[in-house]
Amino acid sequence: MTDKDEIFSKPLNKVDDFKFDRNVAAVFPDMIKRSVPGYENVIIMSGLFAERFAQTGTNLYDLGCSLGATTLAMRERITADDCRIIAVDKSVDMIKRCRELIGEAGSSAVQLELREADIRDIEYSNNSMTVLNYTLQFLPPEDRRPLLQKIYDSMLPGAVLVLSEKVTFEEKQNSDLFIDIYHAWKAHNGYSEMEIRQKRNALENVLIPDTIPQHLQRLEAVGFKRCELWFQCFNFMSMVAFK
Ligand code: GEK
């Protein structure tokens with residue numbers, strides 16, 4: 001049984017910046033399912049990309065792995081021999097809970113390494129697939145391109161990047177409309193107007209979305225030859241880029 005996300009359900013005098021702490025880790029599966037349209041599909045599809053692109057004897061990275069949903073979906077589908085998934089998150093509470101959940105999920109031929117680290121600081125090598133599911137958006141904007149460059153440089157020919165993000169739009173009217181419909185969807189999922197407003201304030205300085213053209217231009221600039229948007233629901237999207 002997963003705990004229900006009620007983190008912003010009481011009025012707060014001051015809304016602090018959002019943190020991936022123990023309280024968030026405890027309710028995360030419920031929170032992300034009710035807050036990110038298409039989340040469950042994106043996770044399943046990440047597994048399908050892994051099935052197709054994992055190369056024998058290589059590393060696959062799940063960056064900002066939280067509780068390991070993407071890691072587990074990838075692990076389930078990989079058929080190539082001698083693969084290692086390296087799942088990284090800088091939140092000690094996320095990694096702790098992730099370790100427990102992965103332990104409960106049983107074993108597999110795919111090796112799995114969980115690391116509590118900042119994805120900007122680790123070394124990448126022998127990389128056939130990297131997934132950034134809703135993580136790049138939390139990095140300071142100036143750190144995004146250097147990280148993507150590091151990832152690209154570590155990739156083998158034929159490697160793939162899956163990048164899922166909340167996005168914004170150049171056209172203000174479209175942006176406002178999609179945010180409005182997104183909030184209506186959150187209300188449909190049981191969040192009150194106050195919860196939606198307080199969470200939005202908590203994320204304001206923490207989650208800075210780019211536009212889809214910004215993502216595509218940056219991926220091209222670091223060297224990715226082919227990029228495609230494969231999923232979009234209002235202001236959430238996922239794209240795939242090939243080396
Ligand atoms: C999923 N991918 O379930 N280094 C490492 N981890 C980081 C960093 C960083 N610099 N910045 C943020 N994180 C997951 C969901 S959640 C998305 C990803 C969300 C971590 C942070 O601790 C958190 O666990 C995760 O990125 C973002 O498919 O909550 O909207």
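Atoms considered below: every heavy atom in the structure, side chains included; atoms not considered: hydrogens, waters and symmetry mates. Counting starts at 1 for both ligands and their atoms, in listed order.
- Separating the CG atom in Asn174 from the CZ atom in Phe169 is a distance of 7.5 Å, to the nearest 0.5 Å.
- Distances shorter than 4.0 angstrom occur between a heavy atom of Ala117 and an atom of ligand 1.
- For atom 14 (C) of ligand 1, the nearest non-hydrogen atom of the protein is Gly64 O, 3.3 Å.
- Inter-residue side-chain proximity for Asp62 and Leu132 is flagged as unmet; no heavy-atom pair is nearer than 4.5 Å.
- Contact annotation: for Ile43 versus ligand 1, heavy atoms closer than 4.0 Å belong to the side chain alone.
- The distance from ligand 1 to the heavy atoms of Tyr134 drops below 4.0 Å at these ligand atoms: 16 (S), 17 (C), 18 (C), 27 (C).
- Residue-ligand proximity, Asn133 to ligand 1, at heavy-atom distances under 4.0 Å covers atoms 2 (N), 14 (C), 15 (C), 18 (C), 28 (O).
- Between Phe20 and Phe138, the ring center distance clears the sub-6.0 Å criterion.
- The Phe28 neighbourhood of ligand 1 comprises atoms 3 (O), 15 (C), 16 (S), 29 (O), with distances under 4.0 Å to a heavy atom of that residue.
- Each of the atoms 10 (N) of ligand 1 lies under 4.0 Å from some heavy atom of Leu139.
- Ranking protein heavy atoms by distance to atom 4 (N) of ligand 1, first place goes to Ile119 N, 3.0 Å.
- Ranking the protein heavy atoms by distance from atom 28 (O) of ligand 1 puts Thr70 OG1, 3.1 Å first.
- Listed by number with element, the atoms of ligand 1 under 4.0 Å from a non-hydrogen atom of Ser91 are 22 (O).
- Taking SG from Cys65 and CG from Leu72, the interatomic distance works out to 10.0 Å, rounded to the nearest 0.5 Å.
- The nearest heavy-atom contact from the protein to atom 25 (C) of ligand 1 is Ser66 OG, 3.5 Å.
- With Tyr191 as the aromatic partner, Lys186 meets the cation-pi criteria of under 6.0 angstrom to the ring centre and within 45 degrees of the ring axis.
- A donor-acceptor contact closer than 3.5 angstrom is absent between the side chains of Asp81 and Thr56.
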What verdict does the salt bridge (charged side-chain N to carboxylate O under 4.0 Å, His left out) test give for Arg120 and Asp143, after you've listed the backbone C-alpha separation in whole Å, the side-chain angles of each residue and the deciding distance to 0.1 Å? CA-CA 8 Å; Arg120 291 167 291 185; Asp143 291 351; 2.7 Å; yes
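- Trp230 and Phe49 have their aromatic ring centers within a separation under 6.0 angstrom.
- In summary, the atoms of ligand 1 found under 4.0 Å from a heavy atom of Met94, numbered by their order in the structure, are 24 (O).
- Inspection of the Asp210 and Thr168 side chains reveals no N or O donor paired with an N or O acceptor under 3.5 Å.
- Under the 6.0 Å distance and 45° angle rule, Lys243 counts as a cation-pi partner of Tyr152.
- Counting heavy atoms only, Lys90 comes closest to atom 8 (C) of ligand 1 of the residues Lys90, Arg115, Lys166.
- Looking at Phe138, Tyr39, Phe236 and measuring to atom 19 (C) of ligand 1, the nearest heavy atom belongs to Phe138.
- Between Leu136, Thr71, Asp118, Val131, it is Asp118 that holds the heavy atom closest to atom 10 (N) of ligand 1.
- Closest to atom 24 (O) of ligand 1 among all protein heavy atoms lies Asp89 OD2, 2.6 Å.
- Within the 4.5 Å cutoff, side-chain heavy atoms of Leu139 are placed close to those of Ile119.
- Ranking protein heavy atoms by distance to atom 13 (N) of ligand 1, first place goes to Thr135 CG2, 4.1 Å.
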